[in-house]
Amino acid sequence: MTDASELETARAPGLKRVVIETLTRVEGHGKVTLLLDEGGHVRQARLHIVEFRGFEKFVQGRPYWEVPVMVQRLCGICPVSHHLAASKAMDQIVGVTALTPTALKVRRLMHYGQILQSHALHFFHLSSPDLLFGFDSDVTRRNIVGVAAAHPELARRGVLLRKFGQEVIRVTAGKRIHGTGSVPGGVNRSVPPAERKILRAECGRITEWSREAVHLVRRLFEQNLEEYRAFGSFPAHSLSMVRADGAMDLYHGGLRARTAAGGTLFDHVDYSSYWEQILEVVKPWSYMKFPFLLELGPEDGWYRVGPLTRVTSCDFIPSPLAEQERRDFLCFDDGSAARATLGFHWARMIEMLHAAEVIEGLLDDDDISGDELMAYGERQARGVGVIEAPRGTLIHHYRVDERDQVVRANLIVSTTHNNEAMNRAIREVALRYLDGRTLTEGLLNHIEVAVRAFDPCLSCATHALGKMPLAVELVDADGTLIGALRRG
Amino acid sequence: MAAPVVVFAIGNPSRGDDAIGPELAARLAAAALPDVEVIVDFQLQIEHALDLEDRRLAVFVDAAVDAAPPYELRPVRACRDSSHTTHALSPAAVLETFERCTGQAAPPAWTLAVRGEHFELGAALSAVARANLEAAWPRLVELGQA
């Protein structure tokens with residue numbers, strides 16, 4: 001892999017910079033800088049994102065039992081993931097090593113509801129416009145409204161899949177947003193039988209639609225194989241959580257890291273001491289940290305997380321329909337889809353199908369309506385919670401003092417894990433589509449498609465009306481603006 | 001049966017003036033107007049289109065950096081706008097999604113855009129935003145009783 005240090009403009013003043021400000025359809029604000037050499041070739045890509053550091057400060061001084069509710073304010077897209085990761089960390093704080101069956105299954109149901117709704121949103125709202133209309137199509141057409149106009153049934157399914165996931169969250173967390181269902185040591189409610197019955201009645205079509213979505217992505221790959229195979233693709237190490245038997249498990253398990261060549265770096269590692277395997281470095285040009293696998297070092301140890309990693313790293317998926325789709329995915333075109341950046345979309349739909357199957361199974365399980373909600377243990381000072389969130393591995397790490405107040409917090413979110421991988425994907429795309437010093441809508445579209453495959457969530461930005469312009473600037477090495485493109 | 005008026009209050013209560021929407025929603029819920037359902041969320045999403053079914057009126061309440069203080073009441077129509085900028089949809093796009101998915105006309109809708117200034121994480125509602133909110137409140141009640 002390339003040594004990132006050799007690409008720094010600071011050490012190569014002859015490089016030019018191309019700045020693409022505020023990506024569309026990613027959560028919050030982002031800005032891309034492309035560093036060019038004298039020949040106009042892209043040497044490095046940098047995705048700048050305002051990160052969550054402020055939030056880690058924000059929770060300091062708060063009592064630990066408030067944290068699982070507070071952290072939901074991190075993100076409007078996956079609050080449940082933060083709710084559960086924080087709850088798992090606080091389970092350790094209150095000394096609970098095993099939840100009651102009801103608490104564990106209610107939390108799992110909540111989590112898979114979140115996976116389903118988030119993946120549905122991403123595919124039907126954010127990515128399908130790219131995939132169905134093509135990367136060069138009119139930007140105003142490439143949004144959910146465009147999809148609704150051209151593919152009304154697909155758009156309707158997207159809305160209803162998302163709504164179903166939200167309903168699963170509502171019955172387990174208490175509310176559609178800002179739920180309080182998961183608490184340190186367990187849950188504060190189980191699922192009433194009447195609610196189970198209503199949700200269960202919908203499971204057949206939810207599973208079928210999810211399966212058809214997997215097949216839709218497959219057809220898109222088949223129809224655009226040359227482009228999809230190569231688009232923004234590069235070899236990467238991987239990190240994910242797997243169950244003790246190697247199965248995909250998005251709620252709990254041990255850490256597994258694999259090299260780009262397929263070797264195993266570590267497996268079934270207890271995440272309570274994740275820092276023995278993963279470290280983070282900072283770089284002067286980004287608010288976002290750069291995590292790396294300690295064994296490989298900061299330059300070569302960057303890695304990828306998320307659906308593509310999880311589907312390719314697990315030994316099997318423990319639900320029949322999704323497992324069959326996983327096998328087909330791995331075999332497709334000699335494994336090219338499983339190596340492609342756009343393979344994220346296919347893997348994401350396989351996970352959505354898995355989530356639908358898991359939800360169906362849990363709704364048939366009487367334990368989710370049980371009344372043993374809490375477990376108890378001996379108070380601890382440190383807690384680490386890890387969950388496979390929709391976008392990838394999510395780590396919450398807290399220290400709590402004797403007055404029950406949080407004194408230290410460290411969060412590593414999936415977008416941070418994927419930081420360097422996204423830069424690599426952008427660079428690969430820019431190498432192919434940037435034509436000298438000219439910024440084009442086409443280049444911007446392609447960069448967005450590459451970033452969106454990772455589904456980064458930059459939710460620390462606010463969402464007040466009128467705050468989301470899109471600007472592209474071409475800035476020479478001496479700081480002179482030589483071109484600009486604006487959208488929104 | 002759905003309440004005739006649905007009010008979508010948008011914003012993150014932990015981000016300074018972004019809390020304008022949730023604050024007004026809490027007040028509206030406490031007022032318990034008989035014809036109003038209040039839906040609070042961080043941002044508008046595709047599933048909110050389904051919350052428009054069988055409504056006489058929809059009101060979107062949000063903090064706005066581009067509204068003239070203290071607030072602007074803007075009519076909003078279903079539109080293929082370019083609200084592709086984040087995971088969030090614009091009110092117009094929610095209405096459009098509703099029309100496309102159901103084949104029905106969206107209800108009449110307004111955006112109550114209350115001017116906000118500061119959106120830092122952990123910040124409280126600013127004094128300016130609170131004053132703007134107070135000015136907007138009677139108008140919101142009027143809409144709820146329309």
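The structure displayed is predicted, hence computed values, not measured ones.
Interface residue Ile39(B): only side-chain heavy atoms are found under 4.5 Å from chain A.
Side-chain contact check for Thr97(B) versus Arg156(A): every heavy-atom pair is 4.5 Å or farther apart.
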Discussion item. Run His48(B) and Val159(A) through side-chain contact (heavy atoms from CB on, under 4.5 Å) and show every step you take.
Written reply: CA-CA 9 Å; His48(B) 290 122; Val159(A) 171; over 6 Å; no

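Rounding to the nearest 0.5 Å places CD of Gln166(A) at 7.0 Å from CG of Asp41(B). Taking CD of Glu47(B) as the start and CG of Leu121(A) as the end, the distance is 7.5 Å to the nearest 0.5 Å.
Annotation for Arg205(A): atom CZ counts as buried by contact number, over 12 foreign heavy atoms lying within 6.0 Å.
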